[in-house]
**Q** 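This is the structure I have questions about; it appears just below.
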Amino acid sequence: MSDYIVTIGLEVHCELKTESKLFCSCVNKFGGEPNSHTCPICAGHPGVMPVLNKKAVEYTVKAGCAIGSRISRFSKWDRKNYFYPDLPKAWQTSQYDLPLCVGGEVRFDVGGEEKTVRLNRIHLEEDAGKLVHGAGFTAVDYNRCGVPLIECVTEPDIHSADEAVAFLEELAGIFRYCGISDCKMQEGSIRADVNLSLSRPGEPLGTRTETKNLNSFRSVRRAIEAEIARQTEVLESGGKVVQETRHFDDASGTGYGMRSKEDAQDYRYFPEPDLMPVVLSDADIDAIAASLPELKRARRARYTSELGLSDYDADVLTSDPAVADLFDETVKLGAVAKKAANYIMSEIMRKGKTEGEDGVTVGVTGAQLSDILSLVEKGEINLVASKDVLDKIWQTDMSASEAVDKLGLRQNNDAGEIEKLVRDIIAANPGPADDFRKGNEKVLSFFVGQLMKATKGKTNPKIAGDLVRKLLSE
Ligand code: ADP
Ligand code: MG
Ligand code: ZN
C-alpha cells in the first residue's frame, strides 16, 4: 500500500455577534420563536432595500487585522444565486471577487510543533435560514436568515485531522478574543467545510471533495478520517476520486455524496445592484487595528515567560478571554501570579461553569478578586470561607471585605485570646494531650478541631496548628 499525502483546505463560517442582522434591523440572536426575528428584508420580500450594518464590516476588518490580512480599501457585494428553501431571495448576498480581507495566516501548535496555515481570504456574507425536519414535513425558520457571517478560506496547508482541529481551535480563540464571534459550535455559530484530496509525493494535488457544514470539532475530525479512508480505498482499487460535495452523517459516522461539485459559474455571481461598494480609508483601518486586544497566543507566551506559569496553567487561563482579562487585572493589582492563577482555575472557573449559563463566565472583577486573595494571604479569612465570600459578591459590586463583615467571617487572629482558648482546651483534655507528648501526632488535629469549634471556624488553621503544637510541647 502506498503512502498518500493528505491535503486539506477549510472554509470556516463564523457568525458575527453584532446586535442586528447584516442588512436589516432585526435582532441577531440565537433561538427564539421560529420566524420571530424577521422582517420583509431578511424574509426576502420583493422590492425591499438592504442597508449595510457598519459594525459587521468593522468586525470583519478586525478579524483580518488579527490574522495579518491585507484589508481592502475597496470591496463590493455580489449575488450568489441558488435555489433552496432556506434562502428566500434565492440569492445570498456575499462577496465574490473583491472580499474585505485578503491573505493572512494563523500560527498554532500541534503535536508540540509550531505550524502555520495561510488564509486565502475572509469575506462577509449573510447566513441562510434553517430547515426543521419533522415527521413527514419540513418547516423553515428564517430567524438566522441575514445574520452576518464571515467566511474564512484557508490555503490547502493542512495535512491531518489533528492539524485541522488545532487550526480551528486557534481561529475560534482569536475571534473570541477580538470579541467578534462567540464561535459556539453547539449553536452553529462556527461551521466548517472540509476540502480534502490525496496525492503521491512529488505529484500534483489530487482531486478534492468538499464535505459541507460540519458543526463540531469532533465531526470535523471524524469526517476527515472517514474521507481519508474512503479516498484511499478508491485509489487503491484503481478508481478515481470524483470531485463532489459530500455530507457527513454524525450518527452513522459515514459520509455520502450529495451532488457533483458546482462551479462558480453555476452560481451566476453578479454584482449586487442594491448596495454601494465598501470604501475604507487608512484611518478607518488603523483605528480598527488599534482596537485589537492582546491575542491568546501572545498572552499564553507572556504568562509562561514573564509570569512563570506552567504551559498547562497558561492554556487554561487563556481558554476564555474573560478569564484571562480577570487574571491580568488581578495580577496588575498586586496579586502573586501563581496564587491568582490557582484561585481562578479552581474557584472562579468552577463557579463560572455552573452559574455561567447566561454566558457570564466571570462574575467578579480583578479588584474584588485581589481583595479576596489578600484577605486570605493576611489570614483574615481562610480558603473555605473565601468561597462564601465569592458567592456573596458574584455579579454584584460589593467588595470582598464588605462581604466578609456582612457574613461575619473575619478570622479571629488575636493571639492572646486564641492562646487562652487553646490552654483551656488542653486543660480539659489531659488524655489526648499526654498522647501527643508521647509522640502521637494525630491528636494535633483533634485539638485544632476543638479550637475551630470554639471559634466557629474563624481561626486561621495554620496559626491554630502552630499554636496548639507550641502549647502542647511546653
Ligand atoms: P471553490 O471556489 O471551488 O470553493 P477554492 O479554490 O476557493 O474553490 O478552494 C476552496 C478550498 O479548497 C480552499 O480552502 C482550498 O485551499 C481548498 N483546496 C483547493 N484545492 C484543493 C485540493 N486539491 N485538495 C484539498 N483542498 C483543496
Ligand atoms: Mg467554496
Ligand atoms: Zn430582518
Side-chain angles (χ1 to χ4, degrees), residues 11-53 55-56 59-60 77 79-95 123-151 172 175 180-193 210-220 223 245-251 256 258-259 262 267 272 274-275 357-359:
E11 290 163 81
V12 189
H13 293 90
C14 302
E15 282 179 359
L16 299 178
K17 55 174 185 184
T18 51
E19 299 277 321
S20 57
K21 291 187 180 181
L22 186 51
F23 299 119
C24 63
S25 56
C26 288
V27 66
N28 171 16
K29 198 164 171 222
F30 179 75
E33 267 299 292
N35 300 307
S36 60
H37 309 158
T38 54
C39 72
I41 293 176
C42 56
H45 292 203
V48 296
M49 292 296 270
V51 178
L52 176 62
N53 181 337
K55 206 75 191 173
Y59 281 5
T60 309
W77 303 97
R79 291 186 177 182
K80 180 180 181 179
N81 298 277
Y82 65 97
F83 172 76
Y84 205 63
D86 64 4
L87 191 69
K89 293 183 298 186
W91 78 81
Q92 179 189 29
T93 305
S94 180
Q95 301 194 289
H123 68 251
L124 179 54
E125 61 187 26
E126 57 182 344
D127 208 347
K130 230 186 262 178
L131 297 184
V132 185
H133 302 285
F137 70 90
T138 296
V140 55
D141 176 3
Y142 290 137
N143 281 352
R144 203 179 66 184
C145 211
V147 164
L149 201 63
I150 51 175
E151 176 171 335
F175 292 165
I180 63 166
S181 174
D182 290 328
C183 293
K184 282 190 193 154
M185 279 254 167
Q186 68 277 18
E187 293 185 2
S189 66
I190 176 168
R191 314 189 285 271
D193 303 341
E210 179 172 2
T211 304
K212 286 270 194 203
N213 249 321
L214 298 160
N215 58 10
S216 73
F217 291 153
R218 182 166 164 270
S219 47
V220 167
T245 301
R246 298 178 62 82
H247 173 77
F248 181 74
D249 181 47
D250 242 330
Y256 52 88
M258 290 199 294
R259 53 178 188 257
E262 60 286 312
Y267 289 121
E272 165 66 65
D274 290 344
L275 286 162
E357 271 142 28
D358 49 358

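Along the sequence shown, the residues carry numbers beginning at 1. All figures in this text were calculated on a predicted structure; none of them were measured in a lab.
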**Q** Has Gln95 got a side-chain atom pairing as donor or acceptor with Leu124's backbone, closer than 3.5 angstrom?
**A**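 Checking the backbone N and O of Leu124 against the side chain of Gln95, a donor-acceptor pair under 3.5 Å is found.
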
**Q** So, Asn35 side chain and Tyr142 main chain: donor-acceptor pair closer than 3.5 Å or not?
**A** yes

**Q** Among Lys89, Lys21, Arg144, which residue satisfies the side chain to side chain donor-acceptor pair (under 3.5 Å) criterion with Glu126?
**A** Lys89

**Q** Looking at Pro50 and Asp274, what are the two nearest heavy atoms and their distance?
**A** CD-CB, 3.7 Å

**Q** For Thr211 and Ala223, work out which heavy atoms get closest and say how close.
**A** CG2-CB, 4.4 Å

**Q** Would you call the rings of Tyr256 and His247 parallel, tilted or perpendicular, where under 30° means parallel and over 60° means perpendicular?
**A**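 Tilted.
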
**Q** Donor-acceptor pair, distance only, cut-off 3.5 Å: does the side chain of Asn143 make one with the backbone of His37?
**A**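 Yes; at least one donor-acceptor contact below 3.5 Å.
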
**Q** Kindly indicate, with the supporting measurements, whether the criterion side chain to side chain contact (heavy atoms under 4.5 Å, CB included) is fulfilled by Leu131 and His133.
**A** CA-CA 6 Å; Leu131 297 184; His133 302 285; 4.0 Å; yes

**Q** Give the minimum heavy-atom separation between Pro88 and Cys145, together with the two atoms involved.
**A**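 The answer is CD-SG, 3.5 Å.
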
**Q** State, yes or no, whether a side-chain contact exists between Glu151 and Glu125 at a heavy-atom distance under 4.5 Å.
**A** yes

**Q** To the nearest 0.5 Å, what is the distance between OG1 (Thr38) and CG (Asp141)?
**A**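 So the OG1 of Thr38 and the CG of Asp141 are separated by 8.5 Å.
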
**Q** Kindly give the heavy-atom pair with the smallest separation between Leu214 and Ser219, and that separation in Å.
**A** CD2-O, 4.0 Å

**Q** Roughly how far apart are Asn28 CG and Glu15 CD, rounded to 0.5 Å?
**A**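 Rounded to the nearest 0.5 Å, the CG-CD separation comes out at 6.5 Å.
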
**Q** So, do Leu87 and Lys80 sit near enough that their side-chain heavy atoms are less than 4.5 Å apart?
**A** no

**Q** How many angstroms lie between atom NE2 of His13 and atom NZ of Lys212, to the nearest 0.5 angstrom?
**A** 7.0 Å

**Q** Strictly distance-based, threshold 3.5 Å: is any side-chain N or O of Asp182 a donor or acceptor partner for the main-chain N or O of Lys17?
**A**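 Flag not set: sc Asp182 to bb Lys17 has no pair under 3.5 Å.
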
**Q** Quick check for you: to the nearest 0.5 Å, what is the distance between Cys24 atom SG and Leu52 atom CG?
**A** 12.0 Å

**Q** Test Ile150 against Ile180 for side chain to side chain contact (heavy atoms under 4.5 Å, CB included), laying out the working first.
**A** CA-CA 10 Å; Ile150 51 175; Ile180 63 166; 4.2 Å; yes

**Q** Just by distance, do the side chain of Asp193 and the backbone of Asn213 share a donor-acceptor pair under 3.5 Å?
**A** yes

**Q** Indicate the atoms forming the closest heavy-atom contact of Thr18 with Pro148, along with that distance.
**A**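 The pair with the smallest heavy-atom distance is OG1-CG, 3.3 Å.
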
**Q** With side chain to side chain contact (heavy atoms under 4.5 Å, CB included) as the criterion, how do Asn53 and Phe23 come out once you've worked through the C-alpha distance, each side chain's angles and the decisive distance to 0.1 Å?
**A** CA-CA 6 Å; Asn53 181 337; Phe23 299 119; over 6 Å; no

**Q** Nearest 0.5 Å, please: how far is OG in Ser25 from CD1 in Ile41?
**A**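 Answer for the CD1-OG pair, Ile41 versus Ser25, is 7.0 Å.
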
**Q** Going through the checks in order, is the side chain to side chain contact (heavy atoms under 4.5 Å, CB included) test met by Ser189 and Phe30?
**A** CA-CA 9 Å; Ser189 66; Phe30 179 75; over 6 Å; no

**Q** When rounded to the nearest 0.5 angstrom, what distance separates OH in Tyr267 from OG in Ser94?
**A** 10.0 Å

